[in-house]
Q: 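Below is one structure. I have some questions about it.
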Amino acid sequence: MLRTPEILRRTGGKPVKSIIFDEATIAARVEELGAEITEAYSDGDLLVLGLLKGSFIFLSDLVRKIERPIQVDFLVASSYGEAKVSSGSIRLLYDPETRLEGKHILLVEDIIDTGKTLQRLMALLGTRKPVSLAICALLDKQLAVEPCPELRFVGFRAPPAFLVGYGLDHAENYRHLPFIADLE
Ligand code: IMP
Ligand code: MG
């Protein structure tokens, strides 16, 4: 358990188990991802779509490392509960105002666990006639049932633990931690 004064000040006295990715490690990888994305899109309009809320810190760092014209918008999605009729579908609570048709879409997500959230969103966004649809996830737990066939950019393989910080929350807490930590 880590109980440094810096951590305890930020968490309100709760220790974290360990820091999985520190600030410098994250910053270096985000810079590389920005370069990969810049390289991958040689022409056309690129719309970077951040999935709220988890992607907000990652997205803000990432877009500043992309060295080509882009547009930025956000999505807020909500899955229907398992018990409800439409389980397996996803509902957009905020739908991007920017047109998707005819653009390269890069969907930015904090972490892929089962991959279900992304699978559903990709299916939905695919109906909007983008030129291409790709994923950029900071973390991938690699438990995805079906590997997504689409182009994807991944920051780090994540351990099968519950992670918080750098946008990731536990019950809306810890999003502001500048590093990614294992909570348990
Ligand atoms: P999936 O649909 O199973 O891939 O779940 C992805 C979503 O679950 C992410 O967007 C996160 O909001 C949340 N999530 C999955 N693993 C973690 C974690 O370790 N910490 C915080 N949130 C997580
Ligand atoms: Mg979340």
Side-chain angles (χ1 to χ4, degrees), residues 1-2 7 10-12 14-23 25-27 29-30 33 37 47-63 72-96 105-127 133-184:
M1 284 291 177
L2 295 174
I7 291 173
R10 287 183 159 118
T11 62
K14 293 200 181 72
V16 299
K17 188 177 170 199
S18 61
I19 292 179
I20 309 288
F21 301 107
D22 64 21
E23 277 188 81
T25 305
I26 297 170
R29 186 67 189 120
V30 170
L33 283 172
I37 291 164
L47 173 62
V48 178
L49 267 185
L51 182 55
L52 291 176
K53 292 178 258 186
S55 75
F56 83 110
I57 296 179
F58 174 45
L59 179 114
S60 67
D61 284 343
L62 180 70
V63 293
V72 178
D73 208 333
F74 295 93
L75 282 175
V76 182
S78 162
S79 328
Y80 287 103
E82 295 300 304
K84 297 200 175 142
V85 185
S86 44
S87 98
S89 75
I90 199 158
R91 197 160 51 105
L92 290 184
L93 302 182
Y94 171 77
D95 204 337
I105 306 298
L106 182 63
L107 185 60
V108 177
E109 165 74 306
D110 53 357
I111 185 165
I112 303 174
D113 185 1
T114 63
K116 279 183 188 162
T117 306
L118 275 180
Q119 229 172 43
R120 292 167 192 175
L121 268 179
M122 296 292 276
L124 188 110
L125 295 175
T127 66
L133 196 48
I135 292 164
C136 179
L138 178 64
L139 299 158
D140 188 354
K141 286 187 175 166
Q142 301 201 315
L143 302 174
V145 197
E146 288 172 39
C148 306
E150 299 84 5
L151 172 61
R152 57 201 279 170
F153 304 90
V154 174
F156 303 102
R157 271 177 177 229
F162 198 80
L163 304 178
V164 294
Y166 199 71
L168 294 154
D169 73 306
H170 176 249
E172 298 303 329
N173 297 307
Y174 311 111
R175 290 194 199 273
H176 66 309
L177 300 181
F179 46 77
I180 294 167
D182 181 352
L183 199 59
E184 298 137 90

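Indexing begins at 1, ligand by ligand and atom by atom, following the structure's order. Not measured: the values here are computed from a predicted model.
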Q: Would you check the N or O atoms of Gly115, main chain and side chain alike, for any that come under 3.5 Å of an N or O of ligand 1?
A: yes
Q: Do Leu125 and Leu75 have side-chain heavy atoms sitting under 4.5 Å apart?
A: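 Yes, side chains in contact.
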Q: If we set the cut-off at 4.0 Å for heavy atoms, which region of Ala161 has an atom near ligand 1: side chain, backbone, both, or neither?
A: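 Within the 4.0 Å criterion, Ala161 contacts ligand 1 through backbone atoms alone.
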Q: Within the side chain of Lys14, is there an N or O that forms a donor-acceptor pair under 3.5 Å with the backbone of Ile7?
A: no
Q: Any nitrogen or oxygen of Leu163, main chain or side chain, under 3.5 Å from a nitrogen or oxygen of ligand 1?
A: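 It does: an N or O of Leu163 is found under 3.5 Å from an N or O of ligand 1.
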Q: Out of the candidates Ile180, Thr25, Ile20, only one should pair with Phe156 under the side-chain contact (heavy atoms from CB on, under 4.5 Å) rule; please name it.
A: Thr25
Q: Tell me whether His170 at atom NE2 has more than 12 heavy atoms from other residues, nucleotides or ligands lying less than 6.0 Å away.
A: no
Q: Please name the residue in the list Val108, Thr117, Ile135 that meets the side-chain contact (heavy atoms from CB on, under 4.5 Å) test with Leu51.
A: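 Of all the options given, the one that passes is Thr117.
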Q: Have a look at Asp113, Leu168, Ile111 and point out the one with the heavy atom closest to atom 14 (N) of ligand 1.
A: Ile111
Q: Considering only heavy atoms of Lys141, which atoms of ligand 1 have at least one such atom less than 4.0 Å away?
A: 16 (N), 17 (C), 18 (C), 19 (O)
Q: Does the side chain of Tyr166 reach to within under 4.5 Å of the side chain of Leu138, using non-hydrogen atoms?
A: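 Sidechains of Leu138 and Tyr166: in contact.
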Q: Please list, in number order, the atoms of ligand 1 under 4.0 Å from a heavy atom of Thr114.
A: 1 (P), 2 (O), 3 (O), 4 (O)
Q: Test your reading of the model: is there a side-chain donor-acceptor pair from Arg29 to the backbone of Val154, 3.5 Å cut-off?
A: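 Present.
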Q: State the atoms of ligand 1, each with its element, that fall below the 4.0 Å cut-off from a heavy-atom position in Thr117.
A: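 By the 4.0 Å cutoff, the relevant atoms are 1 (P), 2 (O), 5 (O), 6 (C).
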Q: Please work out whether any backbone atom (N, CA, C, O) or any side-chain heavy atom from C-beta onward of Asp169 is under 4.0 Å from ligand 1, and answer side chain, backbone, both or neither.
A: backbone
Q: Hey, which atoms in ligand 1 end up nearer than 4.0 Å to a heavy atom of Asp110?
A: 9 (C), 10 (O), 11 (C), 12 (O)
Q: Heavy atom under 4.0 Å from ligand 1: found in Glu109's side chain, backbone, both, or neither?
A: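 Contact part for Glu109 vs ligand 1: side chain (C-beta onward).
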